[in-house]
Structures are given as structure tokens and as C-alpha cells.
Amino acid sequence: MKLLEDKIRCDGQVIGTDILKVDMFLNHQIDVNLLDEMGKEFFRLFKDKGINKILTVEASGIAIAVMAAKYFNVPVVFAKKSSHKNVGDDVFKAQSHSFTHGKDYEMIVSKKYLSENDNILFIDDFLAGGNAAFAVLDILKQSGANLQGIGIAIEKGFQNGGKKLREMGISVESLAIVDSMNEVDGIVFRN
Ligand code: 5GP
């Protein structure tokens with residue numbers, strides 16, 4: 001998506017070789033018009049999949065998921081990241097590992113909000129190694145809900161999460177795929 005690639009080129013900040021900071025429009029300050037266009041694009045890509053619910057992960061997936069949900073006219077459920085050991089029995093839970101924070105956490109979703117009747121689009125801001133996505137797959141499996149696709153704002157194509165998920169036959173659509181980046185040469189997008 002050219003609009004997003006242009007925004008990343010203009011306002012994104014490459015940290016080292018593997019972190020892209022997009023606080024200027026996505027992860028801290030939010031460019032609402034850009035996110036609206038992204039929501040519209042996710043709808044175009046997945047509108048024929050019978051989606052009845054969008055699932056995301058707190059916190060940075062929520063804004064994108066909400067914008068997309070307006071077009072699909074469906075609710076958003078966001079998985080919570082819990083550091084509590086005792087979260088009760090009324091939740092689906094899975095272990096994950098945060099790429100940016102470098103630590104493990106438990107992802108939880110109340111059993112009230114996911115069931116085998118759901119056709120899910122999972123949306124997130126970044127796809128790197130796929131840890132968040134694999135925890136979501138685990139939760140969906142527990143709930144019996146059907147994953148219809150994964151919509152990602154920015155995929156770092158040089159990490160292997162996207163490859164692994166596509167090899168499983170999952171429909172993964174990323175609005176921008178970064179093939180390489182560094183602080184000197186900048187960012188190269190996949191065509
Ligand atoms: P994964 O679980 O696929 O390894 O990493 C994806 C998650 O880590 C996303 O939910 C996102 O919050 C965070 N993340 C991974 N890489 C980056 C990055 O380069 N920049 C930012 N801002 N977040 C990232």
C-alpha cells in the first residue's frame with residue numbers, strides 16, 4: 001500500500017537492523033486518516049471471507065482493528081497481555097514472547113467472546129517472527145473459532161513469521177513488507 005510505504009519512508013525510524021519505530025503515526029501518535037485507509041484496504045482484501053469478528057492484541061493492534069471493523073461492520077475483540085499467574089478458568093490463554101520487550105507474557109481472551117461460530121480476521125500492527133500470531137492460533141484452536149485470514153500493517157519480511165504462516169496455508173496480507181532496512185541505507189520494500 002503506497003500510502004503506508006510513503007509514510008514509513010517519511011516518518012519511520014530504523015533502530016539498528018531489526019526494529020522499525022512508527023510512533024509518529026501508528027504506535028504512539030495515530031494518523032487517523034491513514035488508519036482509515038488501511039481499514040478500507042483490509043476490507044477490500046478480506047470482504048469475501050464471511051468475517052464476523054476481528055481479533056487483535058492490545059495495545060497497538062486495537063486502533064487498526066477498530067478502523068477495519070467499521071468497514072466490516074463487526075465487533076473487535078482484543079487479546080489481553082497478562083502478567084498475572086492466576087487469570088481464572090473462563091479464559092483461553094497462550095504463552096507468547098514479545099519481540100520488542102524481550103520477555104514472555106500470557107495472552108488471554110475471555111471465553112465469552114470466541115466460539116466455533118466465529119469467522120475471524122486477525123489484525124496486528126507488525127509481523128516479525130510470528131510469536132504473537134502463533135499464540136493467537138493457539139487461542140483460536142482452543143475456542144474452535146475459524147481463522148479466515150491475517151491482516152498485518154507492516155511485515156518485516158526478513159524475519160520468518162510471514163513465511164511460516166503462509167506455509168501453513170494461512171492467507172496473510174500485509175499492507176507493507178519491508179525486505180531489508182538499516183540506519184544508513186534506509187528501508188527497502190518488497191514489490
Ligand atoms: P512477532 O510476534 O511477529 O515476533 O512480533 C510482532 C509483535 O511485536 C507486534 O505485535 C509488534 O507489537 C511487535 N513488533 C515486532 N517488530 C516490531 C518493530 O520493528 N517495531 C514495532 N514498533 N513493533 C514491533
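Read the numbers this way: they start at 1 and go in the same order the structure lists the ligands and their atoms.
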So which bit of K156 gets within less than 4.0 Å of ligand 1, heavy atoms only: side chain, backbone, both or neither?
side chain
With a 4.5 Å cut-off on side-chain heavy atoms, are M107 and V136 touching?
yes
Pairwise side-chain contact, L20 with Q13, heavy-atom cut-off 4.5 Å (strictly under)
no
Does an N or O anywhere in G129 fall below 3.5 Å from an N or O of ligand 1?
yes
Thinking salt bridges, do K40 and E37 make one under a 4.0 Å N-O criterion?
yes
Against heavy atoms of N131, which atoms of ligand 1 measure under 4.0 Å?
1 (P), 2 (O), 3 (O), 4 (O)
Below 4.5 Å, heavy atoms only, C-beta onward: do D179 and F158 meet side chain to side chain?
no
In terms of residue, atom name and distance, what is the protein heavy atom nearest to atom 15 (C) of ligand 1?
F99 CD2, 3.5 Å
Out of all atoms in ligand 1, which are within 4.0 Å of some heavy atom of A132? Include the element for each.
2 (O)
At less than 4.0 angstrom from any non-hydrogen atom of D18, what atoms of ligand 1 do you find?
19 (O)
Those atoms of ligand 1 less than 4.0 Å from some heavy atom in I19:
19 (O)
Identify the protein heavy atom lying closest to atom 7 (C) of ligand 1, giving its residue, its atom name and the separation to 0.1 Å.
F126 O, 4.2 Å
Quick one: do K53 and D118 make a salt bridge, cutoff under 4.0 Å?
yes
Is there a heavy atom of G130 sitting under 4.0 angstrom from any atom of ligand 1?
yes
Between K164 and E167, is there a side-chain N and carboxylate O pair less than 4.0 Å apart?
no
Counting from 1 in the order shown, the ligand 1 atoms closer than 4.0 Å to a non-hydrogen atom of D124 are 9 (C), 10 (O)
Are there over 12 heavy-atom neighbours, none belonging to M1, within less than 6.0 Å of that residue's CE?
yes
May I ask you to decide whether D31 forms a salt bridge with K7, counting only side-chain N to carboxylate O separations under 4.0 Å?
yes
Heavy atoms only: which of V14, T100, L26 lies closest to atom 13 (C) of ligand 1?
T100
Counting only nitrogen or oxygen atoms and a 3.5 angstrom limit, does V22 reach ligand 1?
no
Pairs of nitrogen or oxygen atoms closer than 3.5 Å, one from A128 and one from ligand 1: do any exist?
yes
Going by heavy atoms in the side chains, are E155 and F126 under 4.5 Å from each other?
no
Where ligand 1 meets N27 - atom numbers and elements under 4.0 angstrom, heavy-atom basis:
22 (N)
Non-hydrogen atoms of L20 versus ligand 1: any pair closer than 4.0 Å?
yes
Is the contact between D125 and ligand 1 made by the side chain, the backbone, both, or neither, using heavy atoms and a 4.0 Å cut-off?
side chain
Please step through side chain to side chain contact (heavy atoms under 4.5 Å, CB included) for the pair V32 and L35, ending with a clear verdict.
CA-CA 5 Å; V32 176; L35 261 67; 5.7 Å; no
